[in-house]
Amino acid sequence: DIPSHLDDLPPTLLKKDYANLPIMNSVDDVVKRLLSLEMASQKEKMRVKTQQLVEKVRRSPNDNGSFELLSLFFTVAILTARIRTLEEHLQRHPKDKKNRRCMLMELDRRRKLLGYLRRVNYSTFENTCKELDIQYSPSQPYTRHITKRWLIKKALCIKVFQEMQKLKAAERLRQRRERQGRARAAQEQQE
């Protein structure tokens with residue numbers, strides 16, 4: 001079976017080395033199938049996928065955009081190819097923890113790059129997501145895991161804070177009464 005992301009390719013697409021040979025027109029179908037991408041190694045399939053995605057992102061053959069944005073586009077395209085390859089692998093081997101971790105790391109890296117692209121140039125961000133068929137979701141803010149110990153500590157801190165506010169309020173009240181008393185004494189001396 002040809003992987004799902006290669007469905008848009010013709011089924012007898014030959015490997016790069018054999019595609020331009022004139023003898024390939026007269027070769028038997030079995031030989032063509034052996035030399036097709038269907039029987040290619042994972043590395044060759046990855047190279048073809050990456051090349052396809054980079055071509056989708058590139059606006060023209062001699063794209064004159066800024067070097068920073070071009071390298072960003074190509075990096076996102078390469079990461080997308082890797083992620084899709086790892087997704088297929090994990091569908092066949094769901095217990096492969098190492099590759100799952102690699103995929104999650106690649107997803108985080110791509111999300112960061114897309115977030116940067118989104119801040120810098122939103123129209124190209126949208127175009128890139130549309131061309132590569134990516135659904136971008138911003139990273140979630142950090143939330144603390146609430147435990148019983150944390151709740152007790154928080155309640156204690158709130159209680160201490162309230163007691164300190166009461167002590168400070170009593171001190172402020174005493175200081176205000178002293179100031180008012182001095183102000184009255186000064187006013188009586190003036191009269």
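In this chain, numbering begins with 1 at the start of the sequence shown. Below, all heavy atoms of this structure are taken into account, side chains as well, without hydrogens, waters or symmetry copies.
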Are [Y] and [X] connected into the same hydrophobic cluster when the rule is that any two of I, L, V, M, F, W, Y join if their side-chain heavy atoms are below 4.5 Å apart?
X	Y	answer
Val76	Tyr122	yes
Met164	Leu156	yes
Leu104	Ile78	no
Leu132	Leu113	yes

- Message: Minimum heavy-atom separation for Gly115 and Tyr136, please, with both atom names.
- Response: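 The pair with the smallest heavy-atom distance is CA-OH, 3.4 Å.
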- Message: Looking at every heavy atom in both Arg100 and Pro94, which two are closest together, and how far apart are they?
- Response: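 The pair with the smallest heavy-atom distance is NH2-O, 3.1 Å.
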Distance in Å, [X] [atom1] paired with [Y] [atom2], rounded so as to fall on 0.5 Å steps:
X	Y	atom1	atom2	value
Leu167	Arg172	CG	CZ	10.5 Å
Ser123	Leu117	OG	CG	8.5 Å
Arg119	Phe125	CZ	CZ	11.0 Å
Tyr116	Asn121	OH	CG	10.0 Å
Leu90	Met103	CG	CE	5.5 Å
Leu107	Arg111	CG	CZ	6.5 Å

- Item | Test salt bridge (Lys or Arg N to Asp or Glu O under 4.0 Å) applied to Arg84 and Glu87, step by step | CA-CA 5 Å; Arg84 289 184 181 158; Glu87 282 175 343; 5.4 Å; no
Residue pair [X] / [Y], side-chain heavy-atom distance below 4.5 Å:
X	Y	result
Glu171	Gln175	yes
Glu88	Arg92	yes
Leu114	Ile134	yes

- Message: Within the 3.5 Å criterion, strictly below it, is a donor on His93 or Asn99 matched to an acceptor on the partner's side chain?
- Response: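 No - no donor-acceptor pair under 3.5 Å links their side chains.
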- Of Gln180, Arg174, Arg176, which is the lone residue that meets side-chain hydrogen bond (donor to acceptor under 3.5 Å, both in side chains) with Glu178?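 Testing each of Gln180, Arg174, Arg176 against Glu178, the sole residue satisfying side-chain hydrogen bond (donor to acceptor under 3.5 Å, both in side chains) is Arg174.
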- side chain to side chain contact (heavy atoms under 4.5 Å, CB included) assessment of Arg109 paired with Thr75: CA-CA 10 Å; Arg109 189 168 165 216; Thr75 307; 4.1 Å; yes
